[in-house]
Amino acid sequence: VTAVENYGVGEQVTSWSDVQAGDFVQFWRNSGSGHSVIFIDWERDGDGDIEGFQYWSTQSSTDGIDYNAEYFGSSGSSVDASHFFVARAAMPADWTGW
């Protein structure tokens, strides 16, 4: 988010209801590990509440470029919802000069 905003090529998305497929996500797990990914969609429970997210990225757990899902929670391997950051890139014509 910081890089996208500092270089004038996009902005932070602060409301989860506004997150769209193709947005950039930086997330951190409770274990301290994290990852930068491309958001695809939300994972929802039976009541329709957000419990995680689907993404596209490259990493060893996807054996290269592929889709994966992570879930919010308090275990070490779960994603810390307070450390889930979303940025949306702007069209080049809308970039701000720096």
Side-chain angles (χ1 to χ4, degrees):
V1 172
T2 301
V4 168
E5 289 186 328
N6 284 350
Y7 285 98
V9 298
E11 62 187 9
Q12 182 175 11
V13 178
T14 56
S15 174
W16 286 11
S17 64
D18 293 334
V19 178
Q20 299 175 6
D23 286 343
F24 297 108
V25 172
Q26 172 66 51
F27 67 87
W28 296 96
R29 297 177 190 93
N30 294 301
S31 66
S33 69
H35 197 35
S36 296
V37 303
I38 306 297
F39 181 85
I40 300 300
D41 203 358
W42 293 114
E43 289 284 321
R44 296 182 182 271
D45 64 17
D47 294 326
D49 296 324
I50 293 171
E51 63 179 359
F53 56 100
Q54 300 166 24
Y55 62 86
W56 183 79
S57 75
T58 181
Q59 61 185 8
S60 58
S61 69
T62 57
D63 196 24
I65 299 174
D66 205 352
Y67 297 92
N68 202 5
E70 300 266 350
Y71 295 88
F72 300 109
S74 57
S75 72
S77 61
S78 297
V79 173
D80 181 345
S82 68
H83 289 91
F84 180 84
F85 306 99
V86 182
R88 180 165 304 134
M91 296 296 291
D94 297 326
W95 289 358
T96 303
W98 51 279

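We're numbering straight along the sequence, starting at 1. These figures come from a predicted structure and were not determined experimentally.
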Do the side chains of W56 and V37 get nearer than 4.5 Å, heavy atoms only?
no
Quick one: sort the F72 and F84 rings into parallel, tilted or perpendicular, breaks at 30° and 60°.
perpendicular
Do the ring planes of H35 and Y55 sit parallel (below 30°), tilted (30 to 60°) or perpendicular (above 60°)?
perpendicular
What heavy-atom pair brings [X] and [Y] nearest, and what distance separates the two atoms?
X   : Y   : result
S75 : N30 : O-ND2, 2.9 Å
V4  : E11 : CG1-N, 3.7 Å
S36 : S57 : O-CB, 4.3 Å

Members besides W28 in its Ile/Leu/Val/Met/Phe/Trp/Tyr cluster (side-chain heavy atoms under 4.5 Å):
V1, F85
Hey, what do you get for CZ (R29) to CG (D80), rounding to the nearest 0.5 Å?
12.0 Å
So CD of Q12 and CG of D18: to nearest 0.5 Å the spacing works out to 11.5 Å
Expected output: side-chain D45 to main-chain D47 donor-acceptor under 3.5 Å:
yes
Donor-acceptor check, side chain of D23 to backbone of Q20, threshold 3.5 angstrom: yes or no?
yes
Can you establish whether the number of heavy atoms outside F27 located under 6.0 Å from its atom CZ is more than 12?
yes
Please determine whether side-chain contact (heavy atoms from CB on, under 4.5 Å) holds for the pair I38 and F24, giving the CA-CA distance in whole Å, both sets of side-chain angles, and the decisive distance to 0.1 Å.
CA-CA 5 Å; I38 306 297; F24 297 108; 3.4 Å; yes
For the residue pair Y67 and Q54, confirm or rule out a side-chain donor-acceptor distance under 3.5 Å.
no
Please test V79 against F53 for side-chain contact (heavy atoms from CB on, under 4.5 Å), starting from the C-alpha separation and ending with a verdict.
CA-CA 10 Å; V79 173; F53 56 100; 4.0 Å; yes
